[in-house]
Amino acid sequence: MSTAIEFPSLFSPLALGGTTLKNRIFSSGHDTVMVHDGEVTDQLVAYHRARAEGGAGMIIMQVAGIHETARYTSHVLMITDDSCIPGYRRVAEAVHEHDCKLISQIFHPGREIMESGDGALPVALAPSAVPNERFHVMPQAVSIDLLQEIITGYAEGAVRLQTAGLDGVEIVASHGYLPAQFLNPNLNVREDRYGGTLENRMRMLRETAQVVREAVGPDFVVGVRLSADENTYDATGESDTVALCKALDADGYIDYLNVTEGTSASTGGSTHIVPPMHYDAMYTAPSAAKIKKQVSIPVLVAGRINQPHEAEIVLTSGQADACAMTRALICDPEMPAKAETRRTEEIRACIACNQACIGHFHMGYPISCIQRPETGREIQFGRTVPTAVAKNVMIVGGGPAGMKAAVIAAQRGHHVTIYEAAGRVGGQVLLAERLPHRAEFGGAVTNLLSEIDRYGVEVRTRVQVDAALVREVNPDVVIVATGATPYRPPLELDDALPVFESWDVIKSNGADLPKGRIVVADWRCDWIGLGVAEMIARSGGRKVTLAVDGYAPGETIQQYTRNAMLAAVYEAGVEIVTNARLYGADDDTVYLQNTLTSQPVIAEDVAALVLCLGHKQEDGLFHELTSQLSGTETEVYAIGDCQAPRTVEEATLEALRVASRI
């Protein structure tokens with residue numbers, strides 16, 4: 001049967017300048033933190049090879065600094081001298097082996113400096129001395145001489161990448177970086193030939209495109225990435241962006257436009273750089289469509305396109321010519337091959353949680369995926385190694401840790417059975433998916449269920465496992481993944497004020513809470529407190545105070561997800577009290593302490609108290625088994641929250657590590 005029947009547009013070729021893509025799926029430029037001293041590493045080569053092998057039509061590598069002033073992080077790739085060429089050549093060879101095209105972004109951040117190698121911030125450059133809101137940077141206005149040096153740097157860097165065997169370069173003019181700063185009249189208040197009129201403000205980017213094209217010749221692909229809408233208070237006007245695209249098209253120096261949204265410069269705008277699940281799938285496609293109507297060159301689009309059918313809709317509707325499916329490829333590098341061979345039910349869908357991909361980048365760690373911890377660890381876990389001896393594996397607990405361990409063990413050839421005390425597997429994910437804007441998180445369980453079925457894992461629900469049952473089953477391996485339960489520290493409470501655990505509130509959608517003022521005490525400062533507060537606030541008849549034991553709600557979760565959740569609770573009218581430690585409650589009063597001063601913080605006229613005070617590991621069975629089975633041939637392991645309450649990321653990673661070695 002022809003694959004074109006299911007996704008005819010997605011798997012049709014696309015000409016970009018002097019090259020042709022085999023399909024319309026590409027990975028957009030994203031920082032991987034797989035760089036050492038500004039150069040390519042074995043880890044980065046393996047990462048991109050996996051996505052090329054999985055069927056992507058094109059990979060756009062992360063930003064490459066074209067001038068010493070372009071070092072916006074301590075782990076940015078640099079192309080300022082010829083030492084970069086061998087590393088890029090290795091990536092090109094690895095990618096080309098699988099008929100995948102390779103392009104690199106060429107980049108200058110301007111004032112968008114995040115951090116430095118030694119902690120001392122450099123002087124940031126920008127068109128004018130206008131400060132950045134998000135990073136609190138006051139830049140220096142770049143001189144014309146230095147600007148010319150930077151523009152030349154784009155061309156010199158492009159030539160080095162061409163020498164390394166890449167297929168093209170992409171000039172980054174998106175997300176409020178240097179070329180976008182020149183375009184924005186709120187940021188560019190120059191009075192020379194690079195400021196003032198729209199024609200002058202476009203000059204920097206147009207000159208850059210020209211010198212790059214002249215340096216690399218006609219057959220090397222040259223593209224431009226830009227934000228159609230920066231989604232912030234001082235954004236470049238949409239009409240200016242469209243005018244820029246028309247001018248770039250008319251100049252004839254570039255081969256495509258890659259359209260996205262957002263800006264690095266503000267908290268609200270930056271959320272669109274890697275939009276969390278609060279945003280609809282394909283939400284940026286209409287912006288790309290507006291530009292596509294005005295230009296003759298191909299238009300690519302990025303932004304929450306996670307499934308092949310979504311990309312097909314964008315393409316067949318004429319909104320764009322190719323789709324960035326970056327996080328989809330992080331979550332499942334084989335997604336293109338599965339879609340092309342009509343195995344869509346096997347695709348592990350991205351849930352836009354942002355935790356281990358962009359979340360790792362912001363913490364300075366190599367990116368990965370909470371559903372696929374093999375990502376970023378391709379050298380160690382890129383290939384499933386069949387077991388030499390098939391063992392009977394008993395997994396106690398059907399949360400993400402137990403399910404992931406089951407899948408990996410079964411893939412390797414073991415006989416695996418999951419024992420789950422509840423009526424269905426899923427663990428705490430089944431709670432997370434019930435919170436506002438978090439339904440997509442449930443996809444983590446849906447994906448694992450599909451894999452469990454595919455690899456023949458037996459699942460037994462409503463079974464309470466004890467040591468006697470383990471002895472009866474007599475497995476070769478026991479993996480204990482019994483999770484955690486809500487933790488309640490010593491508190492001064494009486495029976496007058498109703499007290500609820502967050503889990504119970506989520507299960508009932510807040511229906512059991514009385515009307516009136518509800519205090520949510522949040523120790524963890526993660527998605528639970530924020531989600532529960534919004535759920536209650538939107539349930540009607542209740543005013544919510546979210547008291548967090550930290551400097552900000554959501555401080556432990558990825559910043560774009562936090563920004564979206566914070567915006568939602570503000571809109572729902574939730575009152576936020578920070579640095580507040582819960583002490584106790586009585587009658588209609590909740591007593592808190594300021595964590596900095598220990599002074600009392602008192603909430604009065606309270607109808608109920610909701611506890612989000614973290615979790616405690618359920619490790620009793622593990623300790624009992626290690627004691628009783630000591631000296632026997634039965635292997636016993638603990639993974640996930642059973643060891644210490646954390647997140648899905650740690651659960652699946654530990655599952656992978658254990659199941660890979662049994």
Side-chain angles (χ1 to χ4, degrees), residues 23 25-35 41 43-63 75 91 94-95 98 100 102-103 105 260 272-277 279 281 300-308 310-311 322-339 346-382 400 404 440-441 443-444 446-448 451 557-561 647-650 652-653 656:
N23 61 47
I25 298 171
F26 73 97
S27 175
S28 60
H30 57 286
D31 202 321
T32 60
V33 200
M34 300 178 195
V35 174
T41 62
Q43 185 182 22
L44 184 61
V45 175
Y47 172 81
H48 286 306
R49 180 189 289 115
R51 276 126 203 95
E53 185 177 7
M58 177 173 68
I59 289 172
I60 302 178
M61 287 184 68
Q62 65 202 68
V63 297
H75 43 78
V91 180
V95 167
H98 301 285
C100 178
L102 183 66
I103 285 175
Q105 293 185 323
T260 182
H272 297 271
I273 296 176
V274 187
M277 63 185 78
Y279 295 92
L300 286 51
V301 67
R304 290 285 278 131
I305 304 172
N306 291 332
Q307 294 274 27
E310 294 167 355
C323 294
M325 304 185 72
T326 311
R327 281 180 288 176
L329 289 164
I330 292 172
C331 186
D332 191 344
E334 298 177 10
M335 176 271 295
K338 291 175 180 177
E346 296 182 17
I347 294 173
R348 184 186 301 106
C350 168
I351 59 174
C353 69
N354 281 1
Q355 181 174 336
C357 50
I358 187 68
H360 273 208
F361 161 65
H362 283 148
M363 294 187 290
Y365 302 126
I367 66 170
S368 188
C369 177
I370 69 167
Q371 296 193 77
R372 187 181 188 275
E374 297 95 329
T375 290
R377 302 179 177 93
E378 283 81 6
I379 294 174
Q380 183 180 2
F381 296 114
K404 183 68 174 181
E440 209 165 339
F441 202 87
T446 303
N447 293 333
L448 283 167
E451 295 174 22
I557 59 178
Q558 193 274 327
Q559 62 181 270
Y560 299 157
T561 300
T647 73
V648 174
E649 178 182 357
E650 292 80 19
T652 58
L653 176 57
L656 172 65

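As the structure is a prediction and not an experimental result, all values here were calculated from the model. The figures that follow rest on heavy atoms only: side chains count, while hydrogens, waters and symmetry mates do not.
Interatomic distance, CG of Leu653 versus CD1 of Ile370, reported as 12.0 Å (0.5 Å rounding). Distance check: Arg327 CZ to Leu329 CG gives 12.0 Å after rounding to the nearest 0.5 Å. Going from atom CE of Met363 over to atom CD of Gln559 covers 10.5 Å, rounded to the nearest 0.5 Å. Taking NE2 of His48 as the start and SG of Cys100 as the end, the distance is 10.0 Å to the nearest 0.5 Å. One distance of note links CG of Asn306 with SG of Cys350; it measures 4.0 Å at 0.5 Å rounding. Taken to the nearest 0.5 Å, the CD atom of Gln105 stands 8.5 Å off from the CD atom of Gln62.
Applying the ring-ring contact (aromatic ring centres under 6.0 Å, His included) rule to Tyr47 yields the partners His30; only residues at least two apart in sequence or on another chain are considered. Every residue two or more places apart in sequence or in another chain was checked for a side-chain hydrogen bond (donor to acceptor under 3.5 Å, both in side chains) with Gln43, and none qualifies. Shown here are the side-chain hydrogen bond (donor to acceptor under 3.5 Å, both in side chains) partners of Arg49, two or more places apart in sequence or in another chain: there are none.
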message = Between Arg304 and Glu310, does the side-chain contact (heavy atoms from CB on, under 4.5 Å) criterion hold? Intermediate values first, please.
response = CA-CA 9 Å; Arg304 290 285 278 131; Glu310 294 167 355; over 6 Å; no
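At a threshold of 4.5 Å between non-hydrogen side-chain atoms, the residues Val301 and Cys323 count as touching. Under the 4.5 Å side-chain criterion, counting only non-hydrogen atoms from C-beta, Leu300 is in contact with Phe26. Residues Glu334 and Arg51 fail the side-chain proximity criterion, which asks for heavy atoms closer than 4.5 Å. Residues Ser27 and Met325 fail the side-chain proximity criterion, which asks for heavy atoms closer than 4.5 Å. Between Thr32 and Met61 the shortest side-chain heavy-atom distance does not fall below 4.5 Å. In this structure, the side chains of Val33 and Tyr365 stay at 4.5 Å or more apart for every pair of heavy atoms.
Side-chain atoms of Thr326 and Ser28 include a donor-acceptor pair closer than 3.5 Å. In this structure, a donor-acceptor pair under 3.5 Å is present between the side chains of Thr647 and Gln355.
Of all heavy-atom pairs between Asn354 and Val274, the closest is ND2-O, 2.8 Å. In plain terms, the two heavy atoms of Pro336 and Ile25 that are nearest each other are CB-CD1, 3.8 Å. In terms of heavy-atom proximity, Gln371 sits nearest to Gly443 at OE1-O, 4.0 Å. Between Ala328 and Met335, the closest heavy-atom pair is CB-CE, 4.0 Å. For the pair Ile367 and Cys357, the tightest heavy-atom approach, listed with the atom from each and the gap, is CG2-O, 3.2 Å. Of all non-hydrogen atoms in Pro308 and Ala339, the two that sit nearest each other are CG-CB, 3.7 Å.
Looking at His98, its side chain never comes within 3.5 Å of a backbone N or O of Ala52 through a donor-acceptor pair. Remark: the backbone N or O of Thr561 is paired with a side-chain donor or acceptor of Gln558 at under 3.5 angstrom. A donor-acceptor pair under 3.5 Å is absent between the side-chain atoms of Lys338 and the main chain of Ile347, judged by distance alone. No side-chain donor-acceptor contact under 3.5 Å links Asp31 to the backbone of Val63.
For an aromatic pair to be called close, the ring centres must be under 6.0 Å apart, and Tyr560 with His272 fails this.
The pair Lys404-Glu374 counts as a salt bridge, with a side-chain nitrogen and a carboxylate oxygen less than 4.0 angstrom apart.
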